[in-house]
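Written out below as structure tokens is the structure these notes cover.
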Protein chains: 2
Amino acid sequence: MLTDRQRMILSAIIDNYIQSAEPVGSRTISKREGVGFSSATIRNEMADLEELGYLEQPHTSAGRVPSTKGYRFYVDNLIQPRNISEKDLFNIKQVFADRISKMEQAIESTASILSQVTNYTSIVLGPEMFEHRLKHIQIVPLSESQAVAIIVTHTGRVENKLLDLPVGVHPGEIEKLVNILNAKLVDVPLWQLRQRIYQEIAGEMRRHVEQYEEMLHMLENSFMTEEADRVFLRGATKIMNQPEFRDVDKVKDIMELFEQNDQLIRLLDSPAEGLQVRIGQENGLDAIKECSIVTTPYYIGGKAIGVVGILGPTRMEYDKVISVLDYLARGLSTMLTNQFDKK
Amino acid sequence: MLTDRQRMILSAIIDNYIQSAEPVGSRTISKREGVGFSSATIRNEMADLEELGYLEQPHTSAGRVPSTKGYRFYVDNLIQPRNISEKDLFNIKQVFADRISKMEQAIESTASILSQVTNYTSIVLGPEMFEHRLKHIQIVPLSESQAVAIIVTHTGRVENKLLDLPVGVHPGEIEKLVNILNAKLVDVPLWQLRQRIYQEIAGEMRRHVEQYEEMLHMLENSFMTEEADRVFLRGATKIMNQPEFRDVDKVKDIMELFEQNDQLIRLLDSPAEGLQVRIGQENGLDAIKECSIVTTPYYIGGKAIGVVGILGPTRMEYDKVISVLDYLARGLSTMLTNQFDKK
DNA sequence: TGTTAGCACTCCTGACAAACGAGTGCTAAA
DNA sequence: TTTAGCACTCGTTTGTCAGGAGTGCTAACA
């Protein structure tokens, strides 16, 4: 659909704009190395590209700026993967070199290095709690009527939840309950817990534990975990380095978005597979209509369990971000698989 | 030192400036209700107040703006406590009406309501982990070489830490250790744990537990907890509503400060007692040299365990903030004392 | 037929001046 | 001691103008 020359020019314009943040004129492109055409020729092509919707003109006598469609085409067809710089590579490898034993720590470090290397905001989504497998459960009474349920997963994650104890329950009963649970439910993924309890444990409990109905009810609660702390956000202020975000109102909208974990989860947790780039309004959120988001899932043993992502201006260094993101997601996947995949 | 009239005028100027964010002229004050003097008189007084250092003039033909010294005097001498509005009072009471059983939740809610009611950023410092008393300790092995130590406190807080197990330790030994600890150390404040272990437990351990030296060493680690998650920050973006923070560079510095929990802790964790106001440069941090911080401690059973604070522009509604902060800190103290004070 | 030089045109930007007005300090009179 | 009056200051707004970056179009060239 686009001629080779148009692709070349579009690519040059976007490269230039990403670098300068200023509308790009025909002369600038004409003078670029490897472009053997006069500014007039470029001008004609630019007019065509604008007509086709790949470029926009802020005003008559300004240069051109890529449109969403332009970026889309650039990302889908024109980008070539960029090698990660020695320095960045070194820093990234550093993260994976440390022996990290808790999954959360690994994810957190990933988020940090990602933001540090790209100079954009990183958002990383940890695995849904439900995917973890039970390692140990414990119920610690705090008072007559309350207790904390503690769930340790095979990933080293510790989740806790406050419970209301059934009236008049005896501590011994709780202990019995916990013993049964630990004996029967180790290595069961959390999402199966409820089901397994009713199928396999209920019978046994009825025999051994008083007030087992109430206890069961209480337990269900403790398996409902917060989604909120799955999100790791790093470098939130980085967007303020961008010249197109010198406006406090824009920044405010974005920072307010960052305060809402549920929104961030929605933003990353897309059904699609593989590396994804969402440009400008494609995100659907008004606050980030001038931002792009690049995401890619990471895996344990072939199963996608979370998402790493970068949020930056639409005028983002897509080639670098994509390379780094891809590399990091692979590294993280390998590491987590080695550490946590069921043997 | 200042005449009554000067105090009145200073107060009027600051009130006005807080409300309008614009330099205040003599005419404006002269026209205020209850001020029976002409603008010329006010002008003379203003010149005096400027000479004394309470006011500043952005430029010759502008009105006056309070200096740090001016605010200081205002806060220390001129403010009268303002009644909290019905609506705010209702909202605040709502928070304490909910039965909140985890201390952290209570503190978090306090931070939220504080920011919501004042429209400034709230920063709340939870109790040092060391102040909590041990309710239960548990060590859950994750693998041959690693385990998670879990500490539950009487406040319902659950802290966990990854441990490296001594080589070749037997699970039974760990169990023995945990049993001894739970038998001996319940209700001991965390800061005493180390000491008590060496004094009281070491002997018993030597008798019953193999590799007790290594185990002890490992344990010490688990009593070192993160300070970072003591801080609750709410309404970070509120500062961007202020006209004097329409500048992205200022905002960026502040938001970057907000990302550093250790700095926030340092900011709140002052040795002084009671309600404190630090104005502008008094905070010592460049990022918030145009901000003020109002803090006050809260208590359990008469002992200060944390700090609630508000960060806003120097041009802050001190009277309202002070009233609300005081009220909330009292409420929180009462609530926590009822809930968690050792009987 | 594709390319390019040339040129008129558009429109943003920055500089400068003028008008405006908010506020001041000072003086003199009440 | 207070205040009316007034000249003065200085930041802000408005308007004008020149400069320049960039465009689209046309005509000539290879």
Side-chain angles (χ1 to χ4, degrees), chain A residues 2-10 12-17 19-67 70 243-244 246-247, chain B residues 2-10 12-67 70 243-244 246-247 315:
Chain A
L2 291 188
T3 65
D4 276 357
R5 194 167 71 186
Q6 283 175 324
R7 297 162 80 105
M8 183 267 281
I9 292 174
L10 181 57
I13 291 173
I14 297 185
D15 281 344
N16 205 291
Y17 183 64
Q19 204 269 312
S20 71
E22 304 271 297
V24 184
S26 53
R27 234 178 82 87
T28 316
I29 298 303
S30 156
K31 279 192 303 187
R32 261 176 89 111
E33 203 160 343
V35 180
F37 303 98
S38 77
S39 63
T41 310
I42 306 290
R43 264 203 298 285
N44 288 329
E45 295 286 26
M46 280 166 102
D48 290 349
L49 284 169
E50 183 173 356
E51 205 164 335
L52 291 168
Y54 295 98
L55 295 178
E56 281 165 3
Q57 220 172 357
H59 55 83
T60 331
S61 69
R64 301 307 207 290
V65 158
S67 66
E244 58 268 59
R246 303 304 302 168
D247 174 8
Chain B
L2 291 188
T3 66
D4 276 357
R5 194 168 72 184
Q6 283 175 323
R7 298 162 78 104
M8 184 267 281
I9 291 174
L10 180 57
I13 291 173
I14 298 186
D15 281 343
N16 204 292
Y17 183 65
I18 285 174
Q19 204 267 312
S20 72
E22 304 272 300
V24 184
S26 52
R27 234 178 82 86
T28 316
I29 299 302
S30 157
K31 278 192 304 185
R32 263 176 86 113
E33 204 159 342
V35 182
F37 304 99
S38 78
S39 63
T41 310
I42 306 292
R43 266 204 295 286
N44 288 328
E45 295 286 26
M46 280 166 100
D48 289 350
L49 284 169
E50 183 173 355
E51 206 164 334
L52 291 168
Y54 295 98
L55 295 178
E56 279 165 4
Q57 220 173 358
H59 55 85
T60 330
S61 69
R64 301 305 207 290
V65 157
S67 67
E244 58 268 59
R246 304 302 304 167
D247 174 8
R315 192 184 57 73

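It should be emphasised that the depicted structure is a prediction, and the values quoted were computed from it without experimental measurement.
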I want to check something: taking the side chain as every heavy atom from C-beta on, are A/Q6 and A/Y54 in contact at a cut-off of under 4.5 Å? no

Looking only at heavy atoms, what is the nearest atom pair of A/P58 and A/P23, with distance?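 Looking at all heavy atoms of both residues, the shortest contact is CG-CG, 4.0 Å.
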
Taking atom [atom2] of [N] as reference, at what distance in whole Å does atom [atom1] of [X] sit?
X     : N      : atom1 : atom2 : answer
B/N16 : C/dG23 : CG    : C1'   : 14 Å
A/L55 : D/dT23 : CG    : C1'   : 14 Å
A/E56 : D/dT23 : CD    : C1'   : 17 Å
A/R5  : C/dG2  : CZ    : P     : 9 Å
A/E51 : D/dG24 : CD    : P     : 10 Å
B/I29 : C/dG23 : CD1   : P     : 10 Å
A/E45 : C/dT4  : CD    : C1'   : 13 Å
B/M46 : C/dC26 : CE    : P     : 15 Å

Looking at [atom1] of [X] and [atom2] of [Y], how far apart are the two atoms once the value is rounded to the nearest 0.5 Å?
X     : Y     : atom1 : atom2 : result
B/M8  : B/T3  : CE    : OG1   : 9.0 Å
A/R43 : A/D48 : CZ    : CG    : 13.5 Å
B/I13 : B/R64 : CD1   : CZ    : 7.5 Å

From the options B/L55, B/L2, B/I9, B/I29, select the one residue that forms a side chain to side chain contact (heavy atoms under 4.5 Å, CB included) with B/E45.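 Among B/L55, B/L2, B/I9, B/I29, the one that satisfies the side chain to side chain contact (heavy atoms under 4.5 Å, CB included) with B/E45 is B/I9.
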
At a cut-off of 3.5 Å, list every protein nitrogen or oxygen paired with a nitrogen or oxygen from nucleotides 3-13 of chain D, distance to 0.1 Å.
unit_1	atom_1	unit_2	atom_2	d
D/dT3	OP2	B/S38	N	3.2
D/dT3	OP2	B/T41	OG1	2.7
D/dG5	O6	B/R43	NH2	3.2
D/dT9	O2	B/S61	OG	3.3
D/dC10	OP1	B/T60	OG1	3.2
D/dC10	O4'	B/S61	OG	3.3
D/dC10	O2	B/S61	OG	3.1

Can you tell me if the side-chain N/O atoms of B/R27 get under 4.0 Å from OP1 or OP2 in C/dT24?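 Indeed not, no polar side-chain atom of B/R27 lies that close.
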
